[in-house]
Amino acid sequence: MCGIVAYLGDKEAQPLLLEGLRRLEYRGYDSSGLAVLNGKGLEMVKKVGRIEQLERALGPNPLHGSLGICHTRWATHGKATEVNAHPHTDASGKLAIVHNGVIENYGTLKKKLIEKGFQFRTETDTEVLAFLIGFYFDTLNSETENRLEMAVMEALREVTGTYGLVAIHQDQPDVMVGARRGSPLVLGIGPHEHFLASDVAAIAAHTQTVAHLRDFDVVTVDRQGYRLKSLTHNAPDESGLEISQIDYQAADAEMGDFPHFMLKEIFEQTLSIQNAVRGRLNLEECTAQLGGLNLSPQELRDIDRIVITGCGTAMHAGIVGEYIIESLAHVPVEVEWASEFRLRNSPLDRRTLVLVVSQSGETEDTLGALREARRKGHRVLGICNNVASSLARETDGGVYMYAGPEISVASTKAFTSPTIIFVLLGLLLGRMRFLSASQGLQIIQAIEALPDQITQVLKQSGHINQIAEKYSYSRSMLFFGRQMQYGIALEGALKMKEISYIHAEGHPTAELKHGVIALVDENTPSVFLCPKDGAYDKNINNLQQIKARKGPVIAIATEGDEEILQQADDVIYIPDAPEYTAPILSAVALQLFAYHMAVILGRDVDKPRNLAKSVTVP
Ligand code: M6R
């Protein structure tokens, strides 16, 4: 879960590489490094910490050269130290590689290389790979034209695991070789220049013409252009790469006037919800149309069970989705952590639909779940934001979020977009079963009302900030929600803990009295999700149990509910909405709550400690 950028062209590489790296910092940020090739050989600088540290180090002494590679790391093998940071060099110090992924058999390879007399300097799997490629490079005749390419391919044939990598070598100063297996790598094609990067975000400011490498592709870029080979056969790959124009404005990945990406992305939800819904409502039939599912009406009717899987925020959206789909369509739904699903023998049958949810489409455990279900012959659909992701390629169909880039590590749009897509799915499946046209129309109206209602919640940012200020002393917080708000309690707690580092737990409200209440005291605030719905009275009852134990309560309630003012210490109102769209409104309120708390506590909101945006390791 690191970020790679590489450049070969007619410009100075360093500024382009650093700019790209900044756009990838969300992928990991405990150390970074940059290497260039020029007439003087391989020059490299690595630093622990944020990319700013690297920029500061390079500021007075820039590295010159028009071929270079760089990397931002999130440690998996080995601590976050300068020596463990990428690029890694081979034994000769002339070859450098940057690598994302995990070399699973690095122990065996390392032993073999040690037996040959090599001595390692780091604890990383990537160094082993660099040594292996260097070893093959040195065994090839120096006149060999494709020497680096051949060395990379020889080495990768011995590797088990995942990689997106780029290699350069001082003795071939006009060549870079990229390869992919399991970890994304995209080739950017510009006039007189090429880029390789783990995400289009890194290069979109310079070219919109890209080709996504497929697993086992090896691409060699030189000053004349690029050529493609595949590890599954040695000859040039005649099928070539599919070149596409990306619809990605670099400005989308800028903060604009917002102080943090997270706040920008919270505010973007009025638009991202519209994007998720656009063209998907059929007013005439009072239903939803989701062409990307690639399922005939008969196949949709035949679904008798849905399994939703994902990780983190995506999984929490799935929990809300379970309640929504079961309520609107009466189709049984189960939600499983992708990391569990992929390893167990989950009973699925012919009519079970597996739905994988992921913003990035690159989360290792989610892809593992997808592949496990497909290996068993099941149809798997995706709800995904990244249209160029592994998940988008490997699923049988699905629904894109169209939420635009999400840079902040803490997901916001990636929660509300799949949630509204579950409403669309519930509507579609419900209308094929027992929902009447007038019920379908009511759901459509509730969906259409959402953007304005989200705006109403956003307007309370100042008020929510004051509440956060009041409770910023807290060491621990509890979040309670029932039914469709249960997933919001989980997500609200996740947002709070991941960016403010306040311990936070989410629970189904009624579970309070089965244990959690022991945690309640005057210093432990409880966030109570209690909109005016069928469970309101029960919620108030539970709320009073907390008050009786002197626990402060912050209620998320429906506009117009005066009674709650008597019960709770503080109230955040959300507009009146049906139970299936209300979770989106309370989610936005709790995103703001966590955001303000993190700012008040001086946390690094967009890049919380120990986390990365895209978790591409198991
Ligand atoms: O890219 P994905 O949606 O697959 O990511 C899954 C989780 O890593 C992610 O939702 C994570 O929990 C959030 N970024 C936390 O805010």
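Since the structure is predicted, the reported quantities are computational estimates derived from the model, not experimental observations. First listed ligand is number 1; within each ligand, the first listed atom is number 1.
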Task: Those protein residues which place at least one heavy atom below 4.0 Å from ligand 1 - done: Cys311, Gly312, Thr313, Ala314, Ser358, Gln359, Ser360, Thr363, Val409, Ala410, Ser411, Lys495, Glu498

TODO: May I ask you to check if Arg180 and Tyr163 form a cation-pi contact, with NZ or CZ under 6.0 angstrom from the six-membered ring centre and within 45° of the axis?
DONE: no

- [ ] Only pairs at least two apart or in different chains count here, so list each salt bridge (Lys or Arg N to Asp or Glu O under 4.0 Å) that has a residue in residues 481-493.
- [x] Glu491-Lys495

Open item on the list: Over 60° means perpendicular and under 30° means parallel, so tell me whether His206 and Phe195 are parallel, tilted or perpendicular.
Closed with: parallel

TODO: Go through the structure and list residues passing side chain to side chain contact (heavy atoms under 4.5 Å, CB included) with Gln466, not counting sequence neighbours.
DONE: His463

Task: Geometric class of the Tyr595/His260 ring pair [parallel <30°, tilted 30-60°, perpendicular >60°] - done: perpendicular

TODO: For Ala85, enumerate each residue passing the side chain to side chain contact (heavy atoms under 4.5 Å, CB included) test, keeping only those at least two apart in sequence or located in another chain.
DONE: Ser31, Lys46

